[in-house]
Chemist: 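There's a structure below that I have some questions on.
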Amino acid sequence: MGTIPSLIDDTGKQSAGRRGSRNVNVVTEINGDIPIDSDIPDGAHILVISKDQTYLTHGIHKFPAKFFPELPRYLIQKYSQVGATVLDPMCGSGTTVLEAMLSRRFGIGIDIDPMARLLTKVKTTALDSGPLERTKLWVIERVRGMLEDHSHEPHVPGFPYRDCWFEPFILRELGIIRDAIDMAARARAIEGGNSEERENIHDFLKVVFSSIIREVSNADSHCTRTVVRKRLHKEVAEGMAASRFISALSRQTDAMTAFSRACQTGGLPAAKVCEGTATKTGLGDEAIDLAVTSPPYINAVDYPRTHQLEMYWLGLMKAGPLSDVKRNYIGTETVYKEEYADLRQSGFVALDPSLKKIHKVDPRRSYITYKFFMDMKEQFCETLRILKPGGHYCVAIGNNTIRGVNIRSQDILSEIAVSDDVGFTLEKRFFSGLIRHFIHIPRKERMSGEWILILKKE
Ligand SMILES: C[S@@+](CC[C@H](N)C(=O)[O-])C[C@H]1O[C@@H](n2cnc3c(N)ncnc32)[C@H](O)[C@@H]1O
């Protein structure tokens with residue numbers, strides 16, 4: 001087998017690597033797919049120039065800290081066989097699950113977040129092009145008709161600060177779109193197919209609707225937090241929600257049709273999206289061949305808050321305080337005073353000195369960091385239980401800085417994964433540089449890429 005520097009670089013570019021790589025001190029630029037017959041050396045640094053961010057249904061909706069498809073594609077093809085079962089226990093928008101399908105594996109996605117589960121389901125569910133096309137035309141006609149009928153009052157859901165988030169004309173347009181989508185499902189505009197197929201089209205329409213909500217709200221379109229920034233002077237014009245929706249629907253119908261054709265002609269296996277959490281997957285012992293995931297970052301993305309407007313419109317937001325929902329997310333910032341009053345120590349040498357340093361300036365952040373790694377320890381135990389012997393767990397994790405303290409997540413997670421409490425073997429790890437869209441992390445705390453840990457169940 002060759003190694004990455006000799007095999008990959010079709011741009012011919014190699015640049016000096018950063019300190020910290022163990023065996024290889026160059027960054028190898030890879031244009032598009034990472035060749036699976038190559039062997040990325042332990043400690044290597046690669047930079048993938050992604051070509052496939054919106055390939056087929058990948059681009060249907062934004063999601064913070066999405067994988068670029070080439071990475072899970074490589075990991076899936078490298079560490080599993082055709083027909084294998086591949087799990088992403090924190091699947092987010094479903095990049096791994098879709099890539100598993102496209103590589104002829106059975107993809108399973110689990111995520112605590114209802115928005116993530118909906119996106120993953122829609123991205124990986126093929127639709128019959130006839131009913132899809134007819135429904136698209138029906139919905140567009142209804143939206144236009146209701147917009148012109150000024151006496152028509154759509155149903156607009158109530159939610160906190162609604163009238164600050166949206167202009168009145170946008171509320172009306174979004175209400176009309178939502179009504180048209182629901183009417184399409186009820187009025188059997190989605191002809192043909194059984195009730196499950198009709199529900200699948202309904203979910204597809206909801207995701208397309210959701211994809212334009214942030215853009216037409218008063219909130220900053222490019223921030224992971226949902227916030228209105230006065231100094232941005234964001235301009236939202238009348239007719240914008242309807243026109244954005246109609247063009248997104250046309251574009252995504254084409255993308256879905258291409259995906260569905262690929263499923264049909266390639267005989268691709270169906271994927272499954274399960275409720276559950278990464279620490280309680282509900283899967284049986286030794287049920288999966290491979291797991292690939294990227295957990296949330298400590299201190300970075302508040303997922304329920306990121307999608308709060310979309311979730312209000314889709315009816316996905318549970319009643320009650322947002323903090324109750326957020327507590328169970330790995331990487332949560334919702335912690336109680338009594339939990340963080342005292343310094344917590346984990347017993348892991350790569351982590352404890354950092355917890356001490358952070359605690360001196362910010363006990364709350366120290367506890368948040370501690371909790372993240374303890375939750376990940378529980379997550380590792382769960383994945384080890386459900387993996388077949390010989391199976392791999394590939395985890396992408398970025399380093400970050402918390403209150404000025406550099407958290408070397410890849411060292412800490414490696415130590416935890418191979419500890420007696422867990423029991424993985426660390427086969428290797430490599431650094432993958434990346435260019436991220438739609439993620440704004442406070443400047444100093446920004447990450448430049450991720451470490452990929454390749455863990456093995458012996
Ligand atoms: C970095 S994102 C994953 C992005 C994904 N790789 C993609 O390509 O879209 C991390 C995900 O972990 C999920 N998550 C957080 N806590 C979780 C838990 N306890 N169980 C399952 N999923 C969880 C979040 O909801 C989020 O979707």
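Predicted model only: the values in this text are computed from it and were never measured. Counting starts at 1 for both ligands and their atoms, in listed order.
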Chemist: How close does the nearest protein non-hydrogen atom get to atom 5 (C) of ligand 1, and which residue and atom is it?
Modeler: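 Sorting protein heavy atoms by distance from atom 5 (C) of ligand 1 puts Cys91 O, 3.5 Å first.
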Chemist: Taking Arg105 for the side chain and Ala84 for the main chain, is one N or O donor matched with an acceptor at less than 3.5 Å?
Modeler: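 No; judged by distance alone, with no hydrogens or angles, the pair does not exist.
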Chemist: Does ligand 1 have any atom that is closer than 4.0 Å to a heavy atom of Pro72?
Modeler: no
Chemist: Do ligand 1 and Phe67 have nitrogen or oxygen atoms that lie under 3.5 Å from each other?
Modeler: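 By distance alone, the answer is yes.
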Chemist: What atoms of ligand 1 come within less than 4.0 Å of a heavy atom belonging to Ala65?
Modeler: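 Those of ligand 1 that fall under 4.0 Å from Ala65 are 1 (C), 4 (C).
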Chemist: Between the side chain of Ser409 and the main-chain N/O of Gly398, is any donor-acceptor distance below 3.5 Å?
Modeler: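 Judged by distance alone, yes, a pair lies under 3.5 Å.
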Chemist: Does His307 have its ring centroid less than 6.0 Å away from the ring centroid of Phe63?
Modeler: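 Centroid separation for His307 and Phe63: below 6.0 Å.
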Chemist: State whether the side chain of Asp352 and the backbone N or O of Gly347 hold a donor-acceptor pair below 3.5 Å, judged by distance alone.
Modeler: yes
Chemist: Determine yes or no for a side-chain-to-main-chain donor-acceptor pair under 3.5 angstrom, with Thr332 supplying the side chain and Asn328 the backbone.
Modeler: no
Chemist: In ligand 1, which numbered atoms sit nearer than 4.0 Å to a non-hydrogen atom of Asp113?
Modeler: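 Under 4.0 Å from Asp113, ligand 1 has these atoms: 25 (O).
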Chemist: To which of Ser294, Pro89, Pro114, Gly92 does the heavy atom nearest atom 6 (N) of ligand 1 belong?
Modeler: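 Among Ser294, Pro89, Pro114, Gly92, the closest heavy atom to atom 6 (N) of ligand 1 comes from Ser294.
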Chemist: Enumerate donor-acceptor pairs with a distance under 3.5 Å from any side-chain N or O in residues 204-212 to protein atoms, sequence neighbours excluded.
Modeler:
unit_1: Lys206; atom_1: NZ; unit_2: Asp203; atom_2: OD1; d: 3.4
unit_1: Ser210; atom_1: OG; unit_2: His61; atom_2: NE2; d: 2.7
unit_1: Ser211; atom_1: OG; unit_2: Val208; atom_2: O; d: 2.6

Chemist: For Ala278, counting its heavy atoms only, list the atoms of ligand 1 lying under 4.0 Å from any of them.
Modeler: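 Near Ala278, meaning under 4.0 Å from one of its heavy atoms, ligand 1 has 18 (C), 20 (N), 21 (C).
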Chemist: Surrounding NZ of Lys388 (heavy atoms of other residues, nucleotides or ligands, distance under 6.0 Å), is the total greater than 12?
Modeler: yes
Chemist: Can you name the atoms of ligand 1, numbered from 1 with element, that are less than 4.0 Å from a heavy atom of Thr95?
Modeler: 7 (C), 8 (O), 9 (O)
Chemist: I'd like to know if Glu339 pairs up with Arg364 as an ion pair, taking the criterion as any Lys NZ or Arg NE/NH1/NH2 lying under 4.0 Å from an Asp or Glu carboxylate oxygen.
Modeler: no
Chemist: Which residue from Asp111, Thr293, Thr96, Thr281 reaches closest to atom 11 (C) of ligand 1 through any of its heavy atoms?
Modeler: Asp111
Chemist: If you measure from each non-hydrogen atom of Phe63 to ligand 1, which part falls under 4.0 Å: side chain, backbone, both or neither?
Modeler: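 Side chain only.
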Chemist: Which one of Leu98, Thr120, Ile112, Thr332 has a non-hydrogen atom at the shortest distance from atom 14 (N) of ligand 1?
Modeler: Ile112
Chemist: Is ligand 1 under 4.0 Å from a heavy atom in the side chain of Tyr303, in the backbone, in both, or in neither?
Modeler: side chain
Chemist: Given side chains that start at C-beta, do those of Leu174 and Phe245 come closer than 4.5 Å, heavy atoms only?
Modeler: no
Chemist: Output every pair passing ring-ring contact (aromatic ring centres under 6.0 Å, His included) with a member in residues 78-117, not counting sequence neighbours, ordered by first then second residue.
Modeler: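 Every ring-ring contact (aromatic ring centres under 6.0 Å, His included) pair that includes a residue of residues 78-117, provided the two are not neighbours, is Tyr79-His392.
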Chemist: What protein heavy atom is closest to atom 9 (O) of ligand 1, reported as residue, atom name and distance in Å?
Modeler: Ser93 OG, 2.6 Å
Chemist: Identify the protein heavy atom lying closest to atom 16 (N) of ligand 1, giving its residue, its atom name and the separation to 0.1 Å.
Modeler: Ile330 N, 2.8 Å
Chemist: Using a 4.0 Å cutoff against the non-hydrogen atoms of Pro295, which atoms of ligand 1 qualify?
Modeler: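 This gives 1 (C) as the contact atoms.
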Chemist: Which residue holds the protein heavy atom closest to atom 12 (O) of ligand 1, what is that atom called, and what is the gap in Å?
Modeler: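 Going atom by atom, the protein heavy atom closest to atom 12 (O) of ligand 1 ends up being Met90 CB, 3.4 Å.
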Chemist: Has the side chain of Lys234 got a donor or acceptor atom that lies under 3.5 Å from a matching backbone atom of Ala219?
Modeler: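 Yes, because the side chain of Lys234 sits within donor-acceptor range (under 3.5 Å) of the backbone of Ala219.
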Chemist: Please identify which atoms of ligand 1 are closer than 4.0 Å to at least one heavy atom of Asn328.
Modeler: 19 (N)
